[in-house]
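To start, the structure under review is shown below, and the notes come after it.
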Amino acid sequence: MLHWFRKGIAALVAIFCVSALAPAAVFARIPASGVAIGGVGLGTTPGQVKRIYGEPTDSRRVYSKADGGYITQYIYGNSYSITFYELPGGAYADFVNCSSDNGLATPAGVLVGMDETVLTSVYGAPDVKSEDPTSHITRYVYKASGGRGEQLIFLAQHGKIVNMSACYE
């Protein structure tokens, strides 16, 4: 009986050692500077955006009761927008969105219209992946390292990236 007990303990120890050496799931960590679309990252000012793209096609400014401040959105064409949150020191981009294949890319070169498999080859496993079976949209979230909450969010439908956003959590 003691012989079988020792063999059982040895087997458990072997399983524990093998599982301890197995690689753990590694989530993607991108630098905060990698959270941008079309050269506009979080924290970019309206003046900097205008120097890159000129005057917006349209703009909107609204007061947010929830945040107690103004929010301004610059819209370029029908597929690219930058939302600025206004603080006492100025306005800063806190949401950048691209919704069509217009040539605007992330710093790593990802574009709307690419195959969704490019995401894992460029960024690795997403921090969050969720699927909506009704709309057939898969949401990929990649969080930046550094602790300020920057993230890239990609939406894919039928195997293609259809939208990408740079924002804070």
Side-chain angles (χ1 to χ4, degrees), residues 18-54 56-57 60 64 66-67 71-87 90-169:
V18 168
S19 65
L21 296 174
V26 176
F27 291 108
R29 290 290 178 211
I30 55 177
S33 62
V35 181
I37 299 171
V40 177
L42 303 178
T44 304
T45 67
Q48 291 169 321
V49 170
K50 285 181 180 179
R51 281 193 287 284
I52 297 169
Y53 293 108
T57 308
R60 299 180 182 122
S64 171
D67 295 323
I71 297 170
T72 300
Q73 184 180 44
Y74 283 5
I75 301 163
Y76 290 92
N78 59 4
S79 63
Y80 186 57
S81 65
I82 301 109
T83 303
F84 303 92
Y85 185 71
E86 295 181 28
L87 298 169
Y92 303 94
D94 73 346
F95 187 80
V96 182
N97 190 68
C98 181
S99 61
S100 77
D101 183 5
N102 54 18
L104 300 176
T106 68
V110 175
L111 300 151
V112 169
M114 288 182 158
D115 193 89
E116 71 183 301
T117 58
V118 75
L119 296 173
T120 53
S121 64
V122 170
Y123 297 115
D127 292 291
V128 178
K129 180 180 177 184
S130 59
E131 299 177 40
D132 180 354
T134 305
S135 64
H136 304 287
I137 291 178
T138 304
R139 182 175 177 256
Y140 296 86
V141 178
Y142 292 92
K143 298 179 181 182
S145 56
R148 290 189 34 206
E150 300 95 339
Q151 59 186 5
L152 285 172
I153 300 174
F154 298 91
L155 301 179
Q157 188 173 38
H158 305 297
K160 298 290 182 189
I161 298 168
V162 295
N163 189 285
M164 55 188 185
S165 305
C167 58
Y168 292 104
E169 287 185 74

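Treat the numbers as computed from the prediction; the structure is a model and nothing was measured.
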If only atom types and distance count, is the side chain of [X] paired as donor or acceptor with the main-chain N or O of [Y] below 3.5 Å?
X: N97; Y: S81; result: no
X: Y92; Y: P46; result: no
X: T83; Y: Q73; result: no
X: Y140; Y: S130; result: no

[X] to [Y] - nearest heavy-atom pair and separation:
X: G41; Y: A93; answer: O-CB, 3.7 Å
X: S145; Y: P31; answer: OG-CA, 4.0 Å
X: Q48; Y: G43; answer: OE1-O, 4.4 Å
X: I37; Y: M164; answer: CD1-O, 3.4 Å
X: A36; Y: P107; answer: O-CD, 3.3 Å
X: Y168; Y: R148; answer: OH-NH2, 3.1 Å

Output the distance between atom [atom1] ([X]) and atom [atom2] ([Y]), rounded to the nearest 0.5 Å.
X: D115; Y: H158; atom1: CG; atom2: NE2; answer: 13.5 Å
X: E116; Y: S121; atom1: CD; atom2: OG; answer: 11.5 Å
X: I71; Y: F84; atom1: CD1; atom2: CZ; answer: 12.5 Å
X: I161; Y: D101; atom1: CD1; atom2: CG; answer: 10.0 Å
X: D94; Y: T44; atom1: CG; atom2: OG1; answer: 11.0 Å
X: F154; Y: S165; atom1: CZ; atom2: OG; answer: 9.0 Å

Between [Y] and [X], is there a side-chain heavy-atom distance shorter than 4.5 Å?
X: E86; Y: T72; result: yes
X: Y76; Y: I52; result: no
X: K160; Y: M114; result: no
X: P126; Y: R139; result: no
X: V96; Y: Y80; result: yes

Item to check | Test log, rule side chain to side chain contact (heavy atoms under 4.5 Å, CB included), inputs I30 and V35 | outcome: CA-CA 8 Å; I30 55 177; V35 181; 3.9 Å; yes
Checklist entry - Hey, mind stepping through V110 and Y142 against side chain to side chain contact (heavy atoms under 4.5 Å, CB included) and telling me if it holds? => result CA-CA 13 Å; V110 175; Y142 292 92; over 6 Å; no
State whether a side-chain donor-acceptor pair under 3.5 Å links [X] with [Y].
X: T106; Y: Y123; result: yes
X: N163; Y: S99; result: no
X: S135; Y: Q157; result: no

Checklist entry - Who are the salt bridge (charged side-chain N to carboxylate O under 4.0 Å, His left out) partners of R60, not counting sequence neighbours? => result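 So R60 forms a salt bridge (charged side-chain N to carboxylate O under 4.0 Å, His left out) with D58.
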